[in-house]
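For reference, the structure discussed in these notes is given below.
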Number of protein chains: 2
Amino acid sequence: MRGGRDTREEILASAEELLLKRGFNGFSYQHIAVKLGIRNAAIHYHFTTKEDLGVALVRRYRLRFLSWTDETAATQVSAFEKLVSYLQTYIDYLEGRWRICPVGIFGAEFDAIPDLMRREAQMLMRDVYEWMVMTLQEGRRDGSIAYEGDSRDKAMEVAAALQGALQFASIAGRERFEQVFRQIALGLQPASAKRSDAVSQAA
Amino acid sequence: MRGGRDTREEILASAEELLLKRGFNGFSYQHIAVKLGIRNAAIHYHFTTKEDLGVALVRRYRLRFLSWTDETAATQVSAFEKLVSYLQTYIDYLEGRWRICPVGIFGAEFDAIPDLMRREAQMLMRDVYEWMVMTLQEGRRDGSIAYEGDSRDKAMEVAAALQGALQFASIAGRERFEQVFRQIALGLQPASAKRSDAVSQAA
DNA sequence: GTCTATAGATCGATAGAC
DNA sequence: GTCTATCGATCTATAGAC
């Protein structure tokens, strides 16, 4: 601790931002140390190896996601609203409020991260996937969501579009994410809800 | 040259595979040198800096893509078939036959790659995006593609889903890509084509 | 065009003082 | 819990011989 501040938490927050912007192999303990005004070795005290830090990051993502789904499961909103609410968390992410997670964050460097991180990333992906399949099916039952084809395929498509959109936003601005957001939401709305929109069909 | 082999080309091919699996900051000249049985310095002869190598890789992606779109533009297939054919090139990618490109490959480490590479990545993304918007609109006109909403939004969604699916395939196996592939194709088919499918609605 | 050799920087990580 | 100091490995890159 330094003056009542939680250094361990600050390290995780700083590492999380670096991870999203630069990838796991694109940042070092030095980046974090400089930003927090501490030394390299101080970080090693909290996270002995970089693998430890990486595992802690992914595990935190996963716990955040699970507690988020617990919260929403307790509410009485429709499946469609739950799903849109999940998409919204990605916008929070883009704005630096890291609430839950980019599930496919390590896909681009999967063979270049430590083994324990790979396992954690796979578990995170499984949890998000299972929740999304469940929510889509629930939406079909309560009539708030409509789509064609297999629910598992659709869940994977939505998750993939979100992940890809996050990357496009890095390259070409966050407007890219909003485009995908709109299109996903539109594609999941039942016909009854669509008529109330002024959706461009000729663009 | 070594015994009639084109070393420069072998370096690019090797680097391309490493880039996809490990990210730009996840491989070094040593990785390439070991695989090709040459020395570190031999690669620097062909690509003075790693930035040069990276720029050459993205530029090659882009040229491949542009010549591919030229080819398909000359044929008389429907817009839907063109688009499915583009999705197919990603499967080639997964199988190690690098025909064209993963357009969002640097999204995960955008702030951690050299400046010239960032610019090339943005140009590549712009080209793919423009082609996809054009093809979707063409499909609406010739009746081979159907979708709701803005064409630019839809193009971004399809491109994002492809990019995300490529990453999920790294994490959880190529079956993940095929799920997204099926769902994208299903979502673009006009109603007339769908009736001939035995599409599961209850899964 | 490829090699040996090496400079120079950065990285992850540890020992030990405070 | 944070510091100084430092080790050894790895990385990008260059000089110069063949």
Set out, line by line, the N/O atom pairs under 3.5 Å between protein and nucleotides 3-7 of chain C.
unit_1	atom_1	unit_2	atom_2	d
C:dC3	OP2	B:R39	N	2.7
C:dT4	OP2	B:R39	NE	3.3

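For residues 24-44 of chain A, the salt bridge (Lys or Arg N to Asp or Glu O under 4.0 Å) pairs, not counting sequence neighbours, are A:E17-A:K35. The ring-ring contact (aromatic ring centres under 6.0 Å, His included) contacts involving residues 154-177 of chain A comprise nothing, where partners must be two or more places apart or lie in separate chains.
As a whole-Å value, the separation of A:D6 CG from D:dG1 P is 9 Å. Regarding A:E51, its CD atom lies at a distance of 13 Å from the P atom of C:dG12, rounded to whole Å. Remark: C1' of D:dG1 and CZ of A:R8 are 14 Å apart, rounded to the nearest angstrom. To the nearest angstrom, P of C:dG1 lies 14 Å from CD of B:E9. Here C:dA13 presents its C1' atom at 14 Å from CD1 of A:I32, a figure rounded to the nearest Å. With rounding to whole Å, A:H46 atom NE2 is found 17 Å from C:dG12 atom P. Rounding to whole angstrom units, CD1 of residue A:I11 and C1' of D:dT2 are separated by 11 Å. Rounded to an integer number of Å, the gap from A:F47 CZ to C:dT14 C1' is 18 Å.
Because its NZ or CZ atom is both nearer than 6.0 Å to the ring centre of A:Y147 and within 45° of the ring axis, A:R140 counts as a cation-pi partner of that residue.
Shown for residues 20-29 of chain B: residues whose heavy atoms fall under 4.0 angstrom of DNA chain D, namely B:F27, B:S28, B:Y29. For DNA chain C, no neighbouring residue in residues 105-115 of chain A is found when judged by any heavy atom under 4.0 Å.
Close to D:dG1, at under 4.0 Å from its OP1 or OP2, lies a side-chain N or O of A:Y45. Regarding contacts with the backbone of C:dG1, every side-chain N or O of B:T7 stays at 4.0 angstrom or more from both OP1 and OP2. An OP1 or OP2 oxygen of C:dT10 is reached within less than 4.0 angstrom by no side-chain nitrogen or oxygen of A:H31.
Residues meeting the side chain to side chain donor-acceptor pair (under 3.5 Å) test with B:K82, sequence neighbours left out: B:E138. Every residue was checked against the side chain to side chain donor-acceptor pair (under 3.5 Å) condition with B:R8, not counting sequence neighbours, and none meets it. Checked against side chain to side chain contact (heavy atoms under 4.5 Å, CB included), B:E16 has the following partners two or more places apart in sequence or in another chain: B:L57, B:R60, B:Y61, B:R64, B:Y93, B:W98. A search for side chain to side chain contact (heavy atoms under 4.5 Å, CB included) contacts involving A:Q76 returns nothing, not counting sequence neighbours. Not counting sequence neighbours, the partners of A:E120 by the side chain to side chain donor-acceptor pair (under 3.5 Å) test are A:R59. Under the rule for a side chain to side chain contact (heavy atoms under 4.5 Å, CB included), the partners of A:T48 that lie at least two apart in sequence or sit in another chain are A:D52. Scanning for side chain to side chain donor-acceptor pair (under 3.5 Å) contacts around B:Q183 gives an empty result, with sequence neighbours left out.
Side-chain atoms of A:Y129 and B:Q179 include a donor-acceptor pair closer than 3.5 Å.
Closest to the side chain of A:H44, out of C:dT2, D:dT2, C:dG12, is C:dG12.
Between A:L162 and A:Y86 the shortest side-chain heavy-atom distance falls below 4.5 Å.
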